[in-house]
Amino acid sequence: MSKLIVTPASSPNEEGSLLQVTPESAGWQYVGFEVVQLAAGETLKRETVDQEVCLVLLSGKADVQTNEEKWQGIGQRMSVFEQIPPYSVYVTSHDSYEVTALTSLQLAVCSAPGAGNHRSRLIAPAQVGVETRGYGNIERYIHNILPESEPADSLLVVEVFTPNGHWSSYPPHKHDRDALPDESFLEETYYFRVQPEQGFAIQRVYTDDRSLDETLIVKNGEAVLVPRGYHPVSAPPGYDVYYLNVMAGPTRIWKFHNDPDHAWIMTKPSES
């Protein structure tokens with residue numbers, strides 16, 4: 001199996017962790033990602049230390065509290081494929097969080113270096129930017145959970161719904177050069193869910209010089225590491241694909257570069 005694919009455990013560990021990416025395990029500097037599964041009544045409690053964290057309720061309901069705030073009964077979707085924006089909680093560095101599941105809960109823990117510049121806060125569904133990108137079979141649906149327009153030190157968090165037979169992160173783009181204003185350097189994780197669950201997604205990760213050039217078959221519940229290069233995604237016919245992206249780098253801005261061979265696809269054909 002490719003080193004870019006992270007496979008979940010068959011069952012959660014004592015903290016509920018199913019899948020974990022750390023800067024050390026990924027061989028990079030900024031992005032951390034984890035999926036935690038809790039049964040009703042179970043609790044996850046942690047300190048953020050020098051990291052800022054975005055807790056995304058993938059499915060289920062919970063009470064969440066930090067050192068100074070508490071939100072009770074948050075969460076509304078029982079599946080990501082309900083395609084409604086999630087409840088999330090931003091937790092600043094040098095804070096703590098406690099999540100108590102009120103139902104069966106799947107929680108994404110997104111992390112990156114923090115400087116304590118922003119207060120911990122709830123990100124309610126009404127605050128999540130919803131948009132459609134692309135056209136035809138490159139149309140997909142976006143929930144901007146923590147975009148660069150909203151306060152954070154490092155983290156960028158977004159979820160994408162790709163209908164079956166469609167492509168996303170397309171045309172192929174990259175953000176692996178610290179070359180602003182043209183391109184920013186951002187590490188990125190993709191966490192995939194597929195419906196029906198026996199399906200798969202296809203993701204290609206490749207660089208201009210092809211020193212990295214992999215085509216990945218990604219199963220439900222797996223994550224993909226994108227340390228550099230272009231990284232388009234395909235949802236095969238019959239299988240809808242969801243993914244949650246976490247990005248971070250030296251500058252908190254998303255400036256990408258399209259593959260010149262395929263950039264023409266951005267131009268929507270004229271209708272006669």
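Start at 1 with the first residue, then count along the sequence.
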Peer 1: Looking only at the side chains, is there a donor atom on one of Ser93 and Glu52 sitting less than 3.5 Å from an acceptor on the other?
Peer 2: no
Peer 1: Can you confirm whether more than 12 heavy atoms, excluding those of Glu197, are under 6.0 Å from its CD atom?
Peer 2: no
Peer 1: Any link between Val109 and Val31 through a network of hydrophobic side chains (Ile, Leu, Val, Met, Phe, Trp, Tyr) touching at under 4.5 Å?
Peer 2: no
Peer 1: Quick one: do Val241 and Leu58 end up in the same hydrophobic cluster if we chain Ile, Leu, Val, Met, Phe, Trp and Tyr together by side-chain heavy atoms under 4.5 Å apart?
Peer 2: yes
Peer 1: Just wondering, do Arg193 and Gln195 contact through their side chains at under 4.5 Å, heavy atoms?
Peer 2: no
Peer 1: Among residues at least two apart in sequence or on other chains, which ones pass side chain to side chain donor-acceptor pair (under 3.5 Å) with Glu159?
Peer 2: Arg77, His143, Tyr242
Peer 1: Could you report the tightest heavy-atom contact between Phe33 and Thr189, atom names first, then the distance?
Peer 2: CB-OG1, 3.9 Å
Peer 1: How far does NZ of Lys174 sit from OG1 of Thr207, to the nearest 0.5 angstrom?
Peer 2: 9.0 Å
Peer 1: Check this for me: Glu131, atom CD, are more than 12 non-hydrogen atoms of other residues, nucleotides or ligands nearer than 6.0 Å?
Peer 2: yes
Peer 1: Does the side chain of Ser120 pick up a donor-acceptor pair with the side chain of Tyr97 at under 3.5 Å?
Peer 2: no
Peer 1: To the closest 0.5 Å, what do you measure between CZ (Arg228) and OG (Ser211)?
Peer 2: 5.0 Å
Peer 1: Do Val64 and Ile123 land in one hydrophobic cluster if side-chain heavy atoms of ILVMFWY residues count as linked below 4.5 Å?
Peer 2: no
Peer 1: Write out all pairs satisfying ring pair (Phe, Tyr, Trp, His ring centres under 6.0 Å) with one or both partners inside residues 41-87, taking only residues at least two apart or from two chains.
Peer 2: none
Peer 1: Going by the angle between their ring planes, with limits at 30° and 60°, are His118 and Tyr90 parallel, tilted or perpendicular?
Peer 2: perpendicular
Peer 1: Taking NZ in Lys61 as the centre, count heavy atoms belonging to other residues, nucleotides or ligands within less than 6.0 Å. Is the count above 12?
Peer 2: no
Peer 1: Measure centre to centre between the rings of Tyr190 and His231, then say whether the value is under 6.0 Å.
Peer 2: yes
Peer 1: Ion pair present between Lys3 and Glu214, side-chain N to carboxylate O less than 4.0 angstrom?
Peer 2: no
Peer 1: Using a cut-off of 6.0 Å, state whether more than 12 heavy atoms not belonging to Met266 lie near its atom CE.
Peer 2: no
Peer 1: Count the heavy atoms of every other residue, nucleotide or ligand shown that sit under 6.0 Å from CZ of Arg119, and state whether that count exceeds 12.
Peer 2: no
